[in-house]
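Below you'll find the structure, written out as structure tokens, and then a few comments.
Because only heavy atoms are used, hydrogens play no part in the values below, and waters and symmetry mates are left out as well, while side chains stay in.
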Amino acid sequence: MRAASEADTEPVRAPARTLLDAIERIGNSIPHPIVIFLILIAITMAVSHLLYLLDVSVSFQVINLKTHGTDTVTARANSLLTAEGVRHIYTRLVPNFMGFSAAGLLIVAMIGVGVAEEAGLVDASIRKLVAISPPWALTYILAFVGILSSVAADAGYLVLIPLAGSAFLSVGRHPLAGLALGMAGVAGAFSVNMLVKPLDAVLTELTNDAIHIVNPSLSIAVTANLWFSIVSVIVLTVVIAVVTTRTLEPRLGAYREDHASESLPPHRGGQLSADEARGLRYAAAVLLALALAFCLLTLPPGAPLRNPATGALVGDSPFMSGMIGLIMLLFLATGIAYGIGAGTIRRTTDVVDAMTKAVSGLGGTILLFVVISQFVDYFTYSNMPTLLAVKTADVLKNANIGPLWLLLGLILIVAVLDLVFTPAIATWAIFAPVFVPLFVQLSVDPAAVLAAYRVGDGPINSITPLNPYFALIVGLARKYERNAGVGTVVALVLPYVVWMLAVWILLFAAWYLSGLPWGV
């Protein structure tokens, strides 16, 4: 058992820890997540019908991505209990799940990750990383990589978060702290990066279309928030690491393996056997070969994975659209290579068995995804997210406050709405034509408005159950703590949300007041 001498040590209690413990108890006392979402579906049906009877509606301008103009749209409450609503529920069961991209991404990614994990590549790589890194640096490395993983869209949820839990376990630290750290980095800071990612191009396009409502000659570049994003990555890395070591790990105390719901790999420290070292060399050779192959497929002009019309590699390109396939191939190929070198894979059936084991272990998560996909569709169909977003936007727009306070108000409203309305692009498509022209008329840099949106659209992603991957994190937590539930995950991640949002808002305000450039 890890840290046996500390296993019976009771962590020192503090008011914040007591509050988090209470949140965990309350959260875990509520029903299974599947039951929760079934209850939410019933509530959505009832509320949607009430709003429909009251004929609640809103009119607003929204950016048309095809024409780059603005369309005036009137959204009315749709009832799920009318004849049309019943038809929608009846016919959308399978399409809702088939269109729930998180399920497909998870299954495809786990095909490769399962082989790498079963072969021993994941464990050996983590132990190698631990061996060559100073102990204090591991937390910062995982937080930093977690934030940067957003360049590969949702891959960080599927790869980095499980690896963070395994990395903490391998050095005798509490694996739930690793999972929480990974969730904070991947989800809480998803809106910023040190690199330009596909989301940036879409948000910039929406912002420019909104600017052109009042000033057709003004535009911002896709790198308009680059400097702010780079500094945000550094600051948030430090915040995540400090919260992990100063708040979360003292609260969790020493990890006890007898709390796990399944047998965990033996703790072998950072030393690798000769077979494991050979396996890593084989995996590194295959990784290099794949990197060279993808360089040929992406770097030359007219390469197959570039956008055939624009030649772009980042943004709207086959390379970025198929990134999850690349992740799967990397883990699959390097996992097989490691297994051959280390002797853990001897037959082709070993590879197939590893894939089957990985996918079969997703049964409970896939079932939950079926229910979540129905709720998300019904909630969207009712138009309640749009009604809520527009009403709150109108309140903020009409508030008689200065530009900075208005920007801070935008951050807080986006953060609150993120609990129930998570799509970043859809939210900005509604908010941009409302706020961007307003701030342009107040002589506020549109890049500052977009930066404010990034801050608001970040940390809450870590704790909203409407995050498609929240259920996955609950499942991972149960691997290490058999009694873990929704309350456990919320209590783990909530300190990150509070500190990240507070520090990030202060950084934004200081940046705005100092007049620093937001980007290029």
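Remark: Leu506 CG to Leu501 CG distance equals 9.5 Å, nearest 0.5 Å. Taking OG of Ser191 as the start and CG of Leu203 as the end, the distance is 8.5 Å to the nearest 0.5 Å. Atom CG of residue Leu367 and atom CZ of residue Phe97 lie 9.0 Å apart, to the nearest 0.5 angstrom. With rounding to the nearest 0.5 angstrom, the CD atom of Glu481 is 4.5 Å from the NE2 atom of His174. Leu121 contributes atom CG, which lies 6.5 Å from atom CG of Leu280 (distance to the nearest 0.5 angstrom). Note that CD1 of Ile473 is 3.5 Å distant from CD1 of Ile161, once rounded to the nearest 0.5 Å.
Asn467 places no side-chain N or O within donor-acceptor distance of the main-chain N or O of Ser462, the cut-off being under 3.5 Å. Formation of a donor-acceptor pair under 3.5 Å by the Thr464 side chain with backbone atoms of Asn461 is not found in this model. The backbone N or O of Gly343 lies less than 3.5 Å from no partner atom in the side chain of Tyr338, so there is not a single donor-acceptor pair. Judged by distance alone, the side chain of Arg306 and the main-chain N or O of Ala312 form no donor-acceptor pair under 3.5 Å. Within the 3.5 Å criterion, the main-chain N or O of Ala241 finds no donor-acceptor partner in the side chain of Thr139. The main-chain N or O of Phe228 is never found under 3.5 Å from a side-chain atom of Asn225 such that the two would form a donor-acceptor pair. In this structure, the side chain of Thr344 does not engage the main chain of Ile340 through any donor-acceptor pair within 3.5 Å. In this structure a side-chain-to-backbone donor-acceptor pair under 3.5 Å is present from Asp350 to Arg346. Judged purely by atom type and a 3.5 angstrom limit, Arg482 has no side-chain atom pairing as donor or acceptor with the backbone of Lys479.
Of all non-hydrogen atoms in Ile220 and Ala447, the two that sit nearest each other are CG2-N, 4.4 Å. Nearest heavy-atom pair, Asp418 versus Gly458, reported as atom, atom and distance to 0.1 Å: OD2-O, 4.5 Å. Across Gly341 and Tyr282, no two heavy atoms sit closer than the pair CA-CD2, 3.4 Å.
Residues Val115 and Ile111 fail the side-chain proximity criterion, which asks for heavy atoms closer than 4.5 Å. Counting heavy atoms from C-beta on, the side chains of Ile240 and Trp499 never come closer than 4.5 Å. In this structure the side chain of Asp377 never reaches within 4.5 angstrom of the side chain of Thr380, judged on heavy atoms. In this structure, Val351 and Ile345 have side chains that are in contact, with non-hydrogen atoms separated by less than 4.5 Å. Residues Leu179 and Leu492 form no side-chain contact, since every pair of their non-hydrogen atoms from C-beta on lies 4.5 Å or further apart. Between Asp200 and Arg454 there is a side-chain heavy-atom pair separated by less than 4.5 Å. Contact check for Val489 versus Phe470: side-chain heavy atoms found under the 4.5 Å cut-off. With a 4.5 Å cut-off on side-chain heavy atoms, Leu305 and Phe294 count as touching.
Just one of Val239, Leu236, Leu181 meets the side chain to side chain contact (heavy atoms under 4.5 Å, CB included) condition when paired with Tyr496; it is Leu181. Checked options Val233, Asp457, Leu148; the residue passing with Val192 is Val233 (criterion: side chain to side chain contact (heavy atoms under 4.5 Å, CB included)).
Inspection of the Ser273 and Arg278 side chains reveals no N or O donor paired with an N or O acceptor under 3.5 Å. Of the N and O atoms on the side chains of Asn96 and Tyr378, not one donor lies less than 3.5 Å from an acceptor on the other residue.
Taking the six-membered ring where the residue is Trp, the centroids of Phe379 and Phe375 are separated by under 6.0 Å.
A salt bridge is defined here as a Lys NZ or Arg NE, NH1 or NH2 lying under 4.0 Å from an Asp or Glu carboxylate O, and Arg347 with Asp353 fails to meet this definition.
In the displayed structure, Trp227 atom CH2 is contacted under 6.0 Å by at most 12 heavy atoms of other residues, nucleotides or ligands.
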